[in-house]
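First up is the structure itself, then whatever we jot down about it.
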Amino acid sequence: MQFDDVILGRRSIRGYKPDPVPRALIEEIIGLAMRAPSSMNTQPWNFYIVTGQPLERIRAGNTERTLAGVPQSREFRTGQTFAGQHRDRQVGVAKQLFSAMGIEREDKDARQDWVLRGFRQFDAPVCVIVTYDRVLDGSDDTPFDCGAVATALVNAAWSRGLGAVINSQGIMQSPVVREHAGIADDQVIMKSIALGWPDESFPANAVVSERKSVAEAAVFVGFGD
């Protein structure tokens, strides 16, 4: 693929084939992703790539604790609830997804199952857990750098025919994730990325979320116009 094809064609994938993803391919994708820039070349990121029975145990633990009402224990700060235009965009993409899946507003069971898909890592065959070095906890540069490497990872995956979706639901129950992924004590869990071969028959995979225009997002200064 050309660069523009990857950037313009990539979309978040929430339905996957069960087919395994070769380790060598994942290593290739992560190697590409780690060419992402980082503040003063600190490269704060690490990756725990989970599949098979360990991933099934994470799915089960996340789901059981969530249904039991166990409060979330995300390790990286969550911030404030979205409001205003940011909330509007959040609701907007949810409406697109529910419409694609045929989930009606009053269908509570279907809506709950949709939420639980996130805690199950969207039933993808692979979960990539992005962590950062605990000694950098509190640095504003570190999450910026982790965002850069996560973006590079999903784009590299797409260029190789794989789908991905960056998410937080999969790491909300951090004790479960930390136990079954064997995450070292010197790491802070940042994000998770579901990874696998896209199931093109899954309706939500066709959803392309809307984007602001350049005119809305960019301010040009000193261009003489």
Same cluster (ILVMFWY, side-chain, under 4.5 Å), V21 and I49: yes
From CD (Q112) to CG (D107), nearest 0.5 Å: 11.0 Å
In terms of heavy-atom contacts, A194 and F122 come closest through CB-CD1, 4.3 Å
Would you call V135 and D186 a side-chain contact if the rule is heavy atoms closer than 4.5 Å? no
Salt bridge present between D113 and R120 (N-O < 4.0 angstrom): yes
Should L136 and V188 be regarded as members of a common hydrophobic cluster, given that ILVMFWY residues are connected when their side-chain heavy atoms come within less than 4.5 Å of each other, either directly or indirectly? no
Is the closest side-chain heavy-atom distance between S73 and S174 below 4.5 Å? yes
Neighbour count >12 (heavy atoms, 6.0 Å) for atom CD, E216: yes
If I compare all heavy atoms of Y16 with all of P125, which pair ends up nearest, and what's the gap? CB-CD, 4.0 Å
Between V214 and F223, is there a shared hydrophobic cluster once you connect ILVMFWY residues whose side-chain heavy atoms come closer than 4.5 Å? yes
Inter-residue atom distance N46.CG - M34.CE, 0.5 Å rounding: 9.0 Å
In terms of hydrophobic clustering (I, L, V, M, F, W, Y; side-chain heavy atoms under 4.5 Å; direct or indirect links), are V149 and I193 co-clustered? yes
Got a list of side-chain donor-acceptor pairs under 3.5 Å for residues 77-84, not counting sequence neighbours?
unit_1, atom_1, unit_2, atom_2, d
R77, NH2, D140, OD1, 3.4

Are I58 and M172 in one and the same hydrophobic cluster, where Ile, Leu, Val, Met, Phe, Trp and Tyr link if side-chain heavy atoms are under 4.5 Å apart? no
Distance in Å, C127 SG paired with Y48 OH, rounded so as to fall on 0.5 Å steps: 13.0 Å
Non-hydrogen atoms of P175 and R65 that approach each other most closely: CG-NH2, 3.8 Å
Going by heavy atoms in the side chains, are W114 and R14 under 4.5 Å from each other? yes
Over all heavy atoms of both residues, which pair between V93 and S209 is shortest? Give the atoms and the distance, please. CG2-CB, 3.9 Å
So, the side chain of D199 versus the backbone of G15: is there a donor-acceptor pair under 3.5 Å, distance only? no
Contact between S168 and R74 at the side-chain level, heavy atoms closer than 4.5 Å - yes or no? yes
Could you pull out every donor-acceptor pair under 3.5 Å between side chains of residues 24-31 and any protein atom, sequence neighbours left out?
unit_1, atom_1, unit_2, atom_2, d
E27, OE2, R23, NE, 2.9
E28, OE2, R160, NE, 2.6
E28, OE2, R160, NH2, 2.9

Would you tell me whether S192 and Q121 have side-chain atoms, one donor and one acceptor, within less than 3.5 Å of each other? yes
Look only at the side chain of W197 and the backbone of P20, and say whether a donor-acceptor pair between them is shorter than 3.5 Å. yes
If you round to the nearest 0.5 Å, how far is CG of D123 from CZ of R117? 5.0 Å
Can you spot which of E75, Q187, Q173 makes a side-chain hydrogen bond (donor to acceptor under 3.5 Å, both in side chains) with R178? E75
How long is the span from the CG atom in L162 to the NZ atom in K17, to the nearest 0.5 Å? 11.0 Å
Side chains of R11 and I13: does their closest heavy-atom pair fall under 4.5 Å? yes
Got R89 and K212 here, is their nearest side-chain heavy-atom distance under 4.5 Å? yes
Which heavy atom of V177 sits nearest a heavy atom of I171, and at what distance? CG2-CA, 4.0 Å
Using atom types as modelled and distance alone, determine if a side-chain donor or acceptor of N167 lies under 3.5 Å from a backbone N or O of V165. yes
Check: L55 and V126 side chains under 4.5 Å, non-hydrogen atoms: no
Would you compute the distance between atom CG of D145 and atom OH of Y132 and round it to the nearest 0.5 angstrom? 12.0 Å
What do the steps show when you test F47 against V130 for side-chain contact (heavy atoms from CB on, under 4.5 Å), and what is the final call? CA-CA 5 Å; F47 309 90; V130 182; 4.3 Å; yes
How close do W45 and A36 get, heavy atom to heavy atom, and via which atoms? CH2-O, 3.5 Å
Between T151 and G147 (side chain of the first, backbone of the second, donor and acceptor by atom type, cut-off under 3.5 Å), is there such a pair? yes
Less than 4.5 Å apart, side chain to side chain, heavy atoms only: is that true for R105 and R111? yes
